[in-house]
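Working notes, beginning with the structure itself.
For the single chain, residues carry numbers from 1 onward in sequence order.
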Amino acid sequence: MKKSVLLLLLLVISICTASAQAEIKFEKLTHNFGKFPESSPKVSCVFKFTNVGDQPLVINQAVASCGCTVPEYTKAPIKPGESGEIKITYNGAGKFPGHFKKSITVRTNGKIEMTRLYVEGDMEEKK
């Protein structure tokens with residue numbers, strides 16, 4: 001009987017602690033740079049997010065779909081209720097002018113482990 005009660009208590013405790021998680025919430029998932037000249041091919045934007053969970057949020061990695069797009073992100077854990085940001089820089093130097101769309105895959109320890117961010121724009125050819 002004592003073992004059954006103890007096992008039940010351990011099960012309840014493990015279920016309660018398992019439901020406590022970090023959760024990332026972005027203000028937006030896409031950014032359009034619009035038109036920019038080939039003579040100034042480097043553009044940047046910032047994706048802001050908040051940890052809406054009840055445990056610290058850790059960004060494990062942010063990986064771009066190509067080397068022309070570089071993500072920079074907060075490495076320290078973000079406490080519940082606090083915010084962070086991911087800065088994305090697109091460098092079109094040496095690329096063909098025209099429309100582009102790139103993705104950044106963000107992996108966290110949160111409830112939703114993977115989120116995709118998108119940047120796009122139109123680099124106009126030098127005249």
Side-chain angles (χ1 to χ4, degrees):
M1 179 70 173
K2 287 183 182 181
K3 285 183 181 181
S4 298
V5 172
L6 182 60
L7 282 173
L8 183 61
L9 183 62
L10 287 174
L11 179 65
V12 169
I13 290 171
S14 66
I15 290 172
C16 290
T17 56
S19 65
Q21 277 189 300
E23 186 175 351
I24 193 167
K25 180 171 171 66
F26 284 93
E27 288 181 1
K28 61 180 181 175
L29 297 176
T30 62
H31 179 81
N32 190 329
F33 292 112
K35 294 181 180 184
F36 60 94
E38 187 178 7
S39 58
S40 298
K42 210 177 220 186
V43 289
S44 296
C45 68
V46 174
F47 287 91
K48 295 183 179 186
F49 63 87
T50 303
N51 179 1
V52 295
D54 50 13
Q55 293 293 313
L57 174 75
V58 177
I59 297 176
N60 297 319
Q61 71 180 166
V63 181
S65 58
C66 86
C68 58
T69 308
V70 179
E72 297 173 48
Y73 57 94
T74 310
K75 305 285 194 276
I78 293 96
K79 295 177 184 172
E82 291 188 359
S83 298
E85 58 187 39
I86 299 176
K87 179 181 178 185
I88 308 297
T89 302
Y90 172 79
N91 187 350
K95 303 291 179 198
F96 288 108
H99 184 78
F100 67 89
K101 185 170 186 174
K102 305 295 177 184
S103 66
I104 299 87
T105 303
V106 179
R107 296 187 188 280
T108 71
N109 68 328
K111 185 176 183 180
I112 298 171
E113 294 178 9
M114 185 187 84
T115 304
R116 243 188 215 116
L117 305 174
Y118 296 93
V119 292
E120 67 181 309
D122 289 290
M123 185 167 69
E124 295 183 317
E125 188 174 359
K126 289 181 190 175
K127 296 188 175 163

Scan the side chains in residues 70-91 for donor-acceptor partners under 3.5 Å anywhere in the protein, sequence neighbours excluded, and list what turns up.
residue	atom	partner	partner atom	Å
S83	OG	T50	OG1	3.2
T89	OG1	S44	OG	2.9
N91	OD1	A93	N	3.0

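- A continuous path of Ile, Leu, Val, Met, Phe, Trp and Tyr side chains, each step under 4.5 Å between heavy atoms, connects L29 with F100, placing both in one hydrophobic cluster.
- Checking side-chain atoms of E38 against main-chain N and O of K126 turns up a donor-acceptor pair under 3.5 Å.
- Under the side-chain contact (heavy atoms from CB on, under 4.5 Å) criterion, I112 pairs with T115, sequence neighbours left out.
- Environment of NZ in K25: sparse, with no more than 12 heavy atoms of neighbouring residues, nucleotides or ligands closer than 6.0 Å.
- Environment of CD in E113: sparse, with no more than 12 heavy atoms of neighbouring residues, nucleotides or ligands closer than 6.0 Å.
- No donor-acceptor pair under 3.5 Å is formed between the side chain of N109 and the backbone N or O of L57.
- One distance of note links CD of Q21 with NZ of K111; it measures 7.0 Å at 0.5 Å rounding.
- Using a 4.5 Å cut-off on side-chain heavy atoms (C-beta onward), K95 and P41 make no contact.
- In E125, the CD atom is not crowded: 12 or fewer heavy atoms of neighbouring residues, nucleotides or ligands sit closer than 6.0 Å.
- A donor-acceptor pair under 3.5 Å is absent between the side-chain atoms of H31 and the main chain of E120, judged by distance alone.
- Shortest non-hydrogen contact noted between L117 and K28 is CD2-O, 4.2 Å.
- Scanning both residues, K102 and T69, for their nearest heavy atoms gives CG-OG1, 3.4 Å.
- One distance of note links CD of E124 with OG of S39; it measures 10.0 Å at 0.5 Å rounding.
- Contact record, R116 with S103: CD-CB, 4.1 Å, taken as the closest heavy-atom pair.
- Residue Y118 is not grouped with residue I104 when hydrophobic side chains (ILVMFWY) are merged at heavy-atom distances under 4.5 angstrom, including chains of intermediate members.
- The distance from atom CE of M114 to atom CD of Q61, rounded to the nearest 0.5 Å, is 11.0 Å.
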Steps toward side chain to side chain contact (heavy atoms under 4.5 Å, CB included) verdict (V106, F47):
CA-CA 11 Å; V106 179; F47 287 91; over 6 Å; no

